[in-house]
Amino acid sequence: MKQICALLAVCASVSTSAADPEVQDFGKTKDGTAVQLYTLKNEKGLTAKVMARGATLVELHVPGKNGKSEDVILGWDSVAGYESEDNQYFGCTTGRVCNRIAKGKFSIGGKDYTVATNDGPNHLHGGVERSLDKVVWDAKAYSNDKGQGVRFKYTSPDGEEGYPGNLKCQVVYFLAKNANRISISYKATTDQPTPVNLTNHAYFNLAGAGSDTVLDHVLTLNADKYTPADDTLIPTGKIEPVAGTPLDFTKPKRIGARIEKLTDTSALGYDHNFVLNAKQDDSKPYNHAATLLHKASGRRLRIMTKEPGIQFYSGNFLKGQQGKNGKTYAHRSAVCLETQHYPDSVNQPNFPSIILKPDQEYQTSTLLIFGVSGQK
Ligand code: GAL
């Protein structure tokens, strides 16, 4: 007996694996599919919850400078909220092609395709009924010596939402055990050439979801250029400097400082694609894309990626809907910082291509790194 106890003690001391994520019911979709919510936790006080509908980030509890944690992303208390009219892509995986496709038209290899126009004259975020945010993905929770994760998989059949090819997609959320760092990693393969541009659509308010505004947050974007767009947010094809415009976030700036000076994109606020500066050092797996800071709470978010662009959207269409715990999500009370290829890339020959071919694997990932200002 003594020997067994000694052995167990040794095993416990060398085992560094985190426990598997907790699983709980999150309700059923309208068509009766049960959806589960997975809780990832680490030693540094960060808790993230993800669910299978839309491979969605539902909660993100982050400590501030007084040690107090707040849930910093918008969302709903159960799957029903995500299916409601008031949901605006909160926290979901967005695709097959996030952002816009002009007039819902594109062609590949001389063949024309039409996808739904669900944003004025344009296609937005992968379509209407079966875009990647609206389907229930297969989920597998796991843990290892570095932390906890959930792997979501979904195969979008040929022709779904008008896109060609059977697209096998995977999204993995992974929370590091000993650092407040979450990676969101994407993979996809296809059996026909098809456009793919995946992102996560989390809405952040580092003061806590439901706080009045995000205009007091300080933003830095590692972007000297942006893609000017028409008033339906379709890029003109030009790439222009941000210098001298309210889009210059190359140095930290308060989001509210110049928002009223915007004269483009119908002037509702920020809703622009920024061209991320490519680093000289290509050996690094990630480049810095954005840093968001809320001074009062000290919470800071750094976003890293190898994607060429980031859509900075200042929550202009939030309309006071009541989300998690009855909190109100007012106009401009959260920001999305969506790492991605540029909007309408499929129709813009001078933008990096988003066409995935059958012999290729789409692979990209984004890191969300949380910290407290003034602390390491
Ligand atoms: C953003 C987009 C906005 C708006 C929002 C969803 O990604 O840039 O214009 O459509 O999603 O409400």
- Closest approach of Ala289 and Ile310, non-hydrogen atoms and distance? CB-CD1, 4.2 Å
- Query: For Asn99, does its backbone N or O pair with a side-chain atom of Gln311 as donor and acceptor, under 3.5 Å?
  - Reply: no
- Message: My understanding is that only residues two or more places apart in sequence, or in another chain, count here; which of them pass side-chain hydrogen bond (donor to acceptor under 3.5 Å, both in side chains) with Glu22?
- Response: none
- Message: Once you measure the plane-to-plane angle for Tyr226 and Phe274, does it fall in the parallel (<30°), tilted (30-60°) or perpendicular (>60°) bin?
- Response: tilted
- Message: Using a 3.5 Å distance criterion without hydrogens, assess whether the side chain of Tyr313 forms a donor-acceptor pair with backbone atoms of Gly269.
- Response: no
- Cluster link Val128 to Val115, ILVMFWY, side chain under 4.5 Å: no
- Query: Is there a donor-acceptor contact under 3.5 Å linking the side chains of Thr232 and Asp230?
  - Reply: yes
- First locate atom CG of Leu198, then atom CG of Leu167, and finally report the distance between them rounded to the nearest 0.5 Å. 7.5 Å
- Item | Side-chain heavy-atom pair Val214, Phe204 within 4.5 angstrom cut-off | no
- Item | Working for side-chain contact (heavy atoms from CB on, under 4.5 Å), residues Ser156 and Arg96 | CA-CA 9 Å; Ser156 175; Arg96 295 184 185 195; 2.9 Å; yes
- Answer yes or no: is there a side-chain heavy-atom contact under 4.5 Å between Asn144 and Lys146? yes
- Task: Report yes if some heavy atom in the side chain of Lys49 is under 4.5 Å from a heavy atom in the side chain of Thr39; otherwise report no.
- Result: yes
- Message: Can you list everything that forms a side-chain hydrogen bond (donor to acceptor under 3.5 Å, both in side chains) with Asp138? Sequence neighbours excluded, please.
- Response: none
- Item | Short side-chain to backbone donor-acceptor contact, Lys324 and Val58, under 3.5 Å | yes
- Message: Hydrophobic clusters here meaning ILVMFWY residues chained together by side-chain heavy-atom distances under 4.5 Å, can you tell me if Ile184 and Ile354 are in one?
- Response: no
- Message: Between Glu161 (side chain only) and Arg130 (backbone N and O only), is there a donor and an acceptor less than 3.5 Å apart?
- Response: yes
- Query: Under 4.5 Å between any side-chain heavy atoms of Val50 and Pro21, yes or no?
  - Reply: no
- Classify the ring geometry between Trp76 and Phe90 as parallel (under 30°), tilted (30 to 60°) or perpendicular (over 60°). parallel
- Find the distance between OG1 (Thr194) and CG (Asp158) and round it off to the nearest 0.5 Å. 8.5 Å
- Shortest non-hydrogen separation from Pro343 to Phe351 and the atoms involved: O-CE1, 3.7 Å
- Task: Could you walk me through whether Asn122 and Leu233 pass the side-chain contact (heavy atoms from CB on, under 4.5 Å) test, one step at a time?
- Result: CA-CA 9 Å; Asn122 304 317; Leu233 294 177; over 6 Å; no
- Hey, does the side chain of Asp71 reach the backbone of Glu59 with a donor-acceptor pair shorter than 3.5 angstrom? no
- Is the NZ atom of Lys140 crowded by more than 12 outside heavy atoms at less than 6.0 Å? no
- Item | From His341 atom NE2 to Asn273 atom CG, the distance as rounded to the nearest 0.5 Å | 11.0 Å
- Return the set of residues passing side-chain hydrogen bond (donor to acceptor under 3.5 Å, both in side chains) with Gln321 (not counting sequence neighbours), or none when no residue passes. Gln88
- Query: Between Asn205 and Ala334, is there a donor-acceptor pair closer than 3.5 Å when you use the side chain of the first and the backbone of the second?
  - Reply: no
- Query: Is it true that Glu160 and Lys134 have a side-chain N and a carboxylate O under 4.0 angstrom from each other?
  - Reply: no
- Task: Give a yes or no answer on whether the side chain of Lys306 reaches the backbone of Lys284 with a donor-acceptor pair at less than 3.5 Å.
- Result: yes
- Task: Under the side chain to side chain contact (heavy atoms under 4.5 Å, CB included) rule, collect the residues that match up with Ser353, sequence neighbours excluded.
- Result: Ile355
- Is there a side-chain contact between Thr190 and Pro164, using heavy atoms and a 4.5 Å cut-off? no
Table please: side-chain donor-acceptor pairs of residues 234-253 below 3.5 Å, with sequence neighbours left out.
| unit_1 | atom_1 | unit_2 | atom_2 | d |
| --- | --- | --- | --- | --- |
| Thr236 | OG1 | Pro228 | O | 3.4 |
| Thr236 | OG1 | Lys238 | N | 3.2 |
| Thr245 | OG1 | Val242 | O | 2.7 |
| Thr245 | OG1 | Leu247 | N | 2.9 |
| Asp248 | OD1 | Thr250 | N | 3.0 |
| Asp248 | OD1 | Thr250 | OG1 | 2.5 |

- Note on the structure: OG1 of Thr93 to CG of Leu57, rounded to nearest 0.5 Å, is 9.0 Å
- Where do Asn178 and Glu43 come nearest, in terms of heavy atoms and distance? CB-OE1, 3.7 Å
- If you look at every heavy atom in Ile182 and Ala48, which pair is closest and at what distance? CD1-CB, 3.9 Å
- Query: Remaining members of Leu293's ILVMFWY cluster at a side-chain heavy-atom cut-off under 4.5 Å?
  - Reply: Val218
- Checking side-chain contact (heavy atoms from CB on, under 4.5 Å) for the pair Lys357/Asp359: CA distance, chi angles, key distance, verdict? CA-CA 6 Å; Lys357 299 192 181 120; Asp359 59 349; 3.5 Å; yes
- How many angstroms lie between atom CG of Leu276 and atom CD of Gln340, to the nearest 0.5 angstrom? 10.0 Å
- Would you mind listing the cluster partners of Leu124? Hydrophobic ones only (ILVMFWY), side-chain contacts under 4.5 Å, chaining allowed. Tyr89
- Students should find that the hydrophobic cluster of Leu367, defined by side-chain heavy atoms under 4.5 Å apart, otherwise consists of Tyr286, Met304, Ile369
- Just how far is it from atom CD1 of Ile73 to atom OG1 of Thr56, taken to the nearest 0.5 Å? 9.0 Å
- Task: Over 60° means perpendicular and under 30° means parallel, so classify the ring planes of Tyr82 and Phe26, tilted if in between.
- Result: tilted
- Message: Any donor-acceptor pair under 3.5 Å linking the side-chain atoms of Thr29 with those of Arg53?
- Response: no
- Min side-chain heavy-atom separation Arg332-Leu318 under 4.5 Å: no
- Just wondering, do Val372 and Arg300 contact through their side chains at under 4.5 Å, heavy atoms? no
- Beyond-backbone contact of Val35 with Val136, side-chain heavy atoms, under 4.5 angstrom: yes
- Co-members of the apolar cluster containing Phe174 [side chain, <4.5 Å]: Tyr142, Val172
- Message: Please list all pairs meeting side-chain hydrogen bond (donor to acceptor under 3.5 Å, both in side chains) that have one or both residues in residues 162-175, counting only residues at least two apart or in different chains.
- Response: His123-Tyr163, Asn166-Asp191, Tyr173-Asn200
- Only counting residues at least two apart or in another chain, list the ones meeting side-chain hydrogen bond (donor to acceptor under 3.5 Å, both in side chains) with Thr364. Glu307
- Task: Take Val335 and Tyr270, measure what side-chain contact (heavy atoms from CB on, under 4.5 Å) needs, and give me the verdict at the end.
- Result: CA-CA 9 Å; Val335 287; Tyr270 290 102; over 6 Å; no
- Do Asp133 and Thr94 have side-chain atoms, one donor and one acceptor, less than 3.5 Å apart? no
- Distance-only, no hydrogens or angles: does the Gln148 side chain make a donor-acceptor pair with backbone N or O of Lys41 under 3.5 Å? yes
- Item | side-chain hydrogen bond (donor to acceptor under 3.5 Å, both in side chains) contacts in which one or both residues fall within residues 108-118, not counting sequence neighbours | Lys105-Thr114
- Item | Exam field: side chain Asn180 to backbone Lys44, donor-acceptor pair closer than 3.5 Å | yes
